Amino acid sequence: MTDDLEHLRRSRPDRLLPDDPPDPEVLAREKARLMAAITEPGSTARGDTARGSAGERGADAAGAGERGAAVHRRTPSIYPRLAYRDEVAALEFLTRAFGLVERRESRMEHSDGMLAWLELGDGVVMIGRAGEERHGLHSPLDAGASTAMVNAYVHDIDAHYRRAEAEGARIVTPLEDMFWGDRRYEALDLEGHRWHFAERMSGIRARPPSR
């Protein structure tokens, strides 16, 4: 027997058991396919009963996969992983103060820690719990100093600076125009990772003045 929920019954979350780190694209694609099945159940069900062939159903699934792949940009070939004593607080801070956006369907939560992927523009950063058993990665709180700097380009660097400052980021280099053509500032997050935010001066000059 089949009905409008049959395509949901065939969704098998137990088949999606990615390693550490998982592939965020797989999770994003499966989320989009599931949401399409929920929001467009009639079209999927009609397609299964009207056409009925395995090949056509496979084409439907491939199409859903393509729609899912468009939800998120592909993960860059190189992306950093930052370690925190409290990665949950770090996630909240990075989204609130620096405007990063979490790939929520990619989050992995365990009793002893969490992994999350955050986007900014076309870049991705991974965050997780610090510790020797976690690839030997440590928070700057453990090292007593910043050990790395994340460089990111943003839109409207002045507004980004004001937001970060208002939300409690520690500004360590104030806004300034640099000879290589960037306007930039640097700030520390909750545990001391250093972030370098910038915008190209050419982009600033090309933007219409705000009223």
Side-chain angles (χ1 to χ4, degrees), residues 18-25 27-28 72-201:
D19 294 328
D20 172 17
D23 183 351
E25 291 307 316
L27 300 174
H72 289 298
R73 290 176 288 274
R74 291 193 176 278
T75 301
S77 298
I78 296 177
Y79 62 98
R81 173 169 172 166
L82 301 179
Y84 295 89
R85 287 182 181 175
D86 187 343
E87 71 281 10
V88 176
L91 171 63
E92 191 278 332
F93 176 83
L94 294 173
T95 54
R96 174 172 49 82
F98 292 160
L100 278 72
V101 178
E102 183 189 5
R103 290 181 172 180
R104 181 61 182 86
E105 66 277 4
S106 300
R107 184 193 297 185
M108 297 186 69
E109 296 176 286
H110 307 284
S111 59
D112 61 346
M114 177 190 74
L115 293 174
W117 282 256
L118 304 174
E119 296 180 341
L120 186 63
D122 57 3
V124 176
V125 62
M126 178 183 180
I127 68 171
R129 182 76 59 86
E132 277 298 326
E133 69 281 12
R134 295 175 177 85
H135 309 285
L137 299 176
H138 296 279
S139 164
L141 292 179
D142 302 318
S146 296
T147 57
M149 182 169 71
V150 179
N151 295 274
Y153 279 104
V154 298
H155 174 74
D156 197 342
I157 186 67
D158 289 79
H160 194 276
Y161 174 87
R162 290 192 296 270
R163 172 179 178 169
E165 187 176 42
E167 295 295 342
R170 180 185 170 192
I171 306 299
V172 291
T173 301
L175 270 172
E176 56 184 340
D177 297 339
M178 307 308 297
F179 68 89
W180 59 80
D182 283 357
R183 181 166 172 78
R184 64 89 183 264
Y185 78 94
E186 294 179 6
L188 302 182
D189 63 25
L190 285 179
E191 297 195 14
H193 288 295
R194 195 176 186 107
W195 295 74
H196 175 112
F197 295 105
E199 185 176 13
R200 298 295 294 171
M201 293 296 298

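Keep in mind it's a predicted model, so treat the numbers as computed, not measured. Computation of the quantities below employed the complete heavy-atom set of this structure, encompassing side-chain atoms and omitting hydrogens, waters and symmetry-equivalent molecules.
Phe93 CZ to Asp189 CG: the interatomic distance, rounded to the nearest 0.5 Å, is 6.0 Å. Met126 CE to Arg81 CZ: the interatomic distance, rounded to the nearest 0.5 Å, is 4.0 Å. Taken to the nearest 0.5 Å, the CH2 atom of Trp117 stands 11.0 Å off from the CD atom of Glu105. Taking CG from Leu190 and CZ from Arg170, the interatomic distance works out to 12.5 Å, rounded to the nearest 0.5 Å.
Here the closest heavy-atom approach between residue Ala130 and residue Asp142 is recorded as CB-OD2, 4.2 Å. Residues Val124 and Pro80 share a closest heavy-atom pair of O-CD, 3.5 Å.
Counting heavy atoms from C-beta on, the side chains of Tyr185 and Pro174 never come closer than 4.5 Å. The closest side-chain heavy-atom distance from Leu82 to Val125 is below 4.5 Å. A 4.5 Å side-chain heavy-atom check between Asp182 and Tyr153 finds at least one atom pair inside the cut-off. Looking at Arg107 and Leu91, their side chains come closer than 4.5 Å, going by heavy atoms from C-beta outward. With contacts defined as side-chain heavy-atom distances shorter than 4.5 Å, the pair Asp122/Pro76 does not qualify. Phe197 has its side chain out of reach of Val150: every pair of non-hydrogen atoms, C-beta onward, lies at least 4.5 Å apart. Using a 4.5 Å heavy-atom cutoff, the side chains of Leu115 and Arg134 are not in contact. Taking 4.5 Å as the limit, every side-chain heavy atom of Glu186 sits out of range of all side-chain heavy atoms of Ile171.
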Item to check | Glu102 vs Glu119, side-chain contact (heavy atoms from CB on, under 4.5 Å): CA-CA, chis, key distance, verdict | outcome: CA-CA 6 Å; Glu102 183 189 5; Glu119 296 180 341; over 6 Å; no

**Study point:** From CA spacing to verdict: side-chain contact (heavy atoms from CB on, under 4.5 Å), Ile157, Arg162
**Key:** CA-CA 9 Å; Ile157 186 67; Arg162 290 192 296 270; over 6 Å; no

TODO: Just do the side-chain contact (heavy atoms from CB on, under 4.5 Å) check on Leu94 and Ile127 with the steps written out, would you?
DONE: CA-CA 10 Å; Leu94 294 173; Ile127 68 171; 4.2 Å; yes

Check step by step if side-chain contact (heavy atoms from CB on, under 4.5 Å) holds for Tyr161 and Val154. CA-CA 10 Å; Tyr161 174 87; Val154 298; over 6 Å; no

Let's go through Asp86 and Arg129 carefully: what are the C-alpha distance in whole Å and the side-chain angles of both, what is the deciding distance for salt bridge (charged side-chain N to carboxylate O under 4.0 Å, His left out) to 0.1 Å, and is it a yes or a no? CA-CA 7 Å; Asp86 187 343; Arg129 182 76 59 86; over 6 Å; no

* Asked: Which is it for Arg183 and Glu176 under the salt bridge (charged side-chain N to carboxylate O under 4.0 Å, His left out) test, yes or no, and what are the steps along the way?
  -> CA-CA 6 Å; Arg183 181 166 172 78; Glu176 56 184 340; over 6 Å; no

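Looking at Ser146, its side chain never comes within 3.5 Å of a backbone N or O of Ala148 through a donor-acceptor pair. Looking at Glu109, its side chain never comes within 3.5 Å of a backbone N or O of Met114 through a donor-acceptor pair. Here the side chain of Glu191 pairs a donor or acceptor atom with the backbone of Arg85 at under 3.5 angstrom. The backbone N or O of Phe98 lies less than 3.5 Å from a partner atom in the side chain of His160, making a donor-acceptor pair. Proximity of a side-chain donor or acceptor of Glu199 to a complementary backbone N or O of His155 within less than 3.5 Å is not detected. Between the side chain of Arg163 and the backbone N or O of Arg96, at least one donor-acceptor pair lies under 3.5 Å.
Side-chain rings of His193 and Tyr84 approach one another, their centers coming within less than 6.0 Å.
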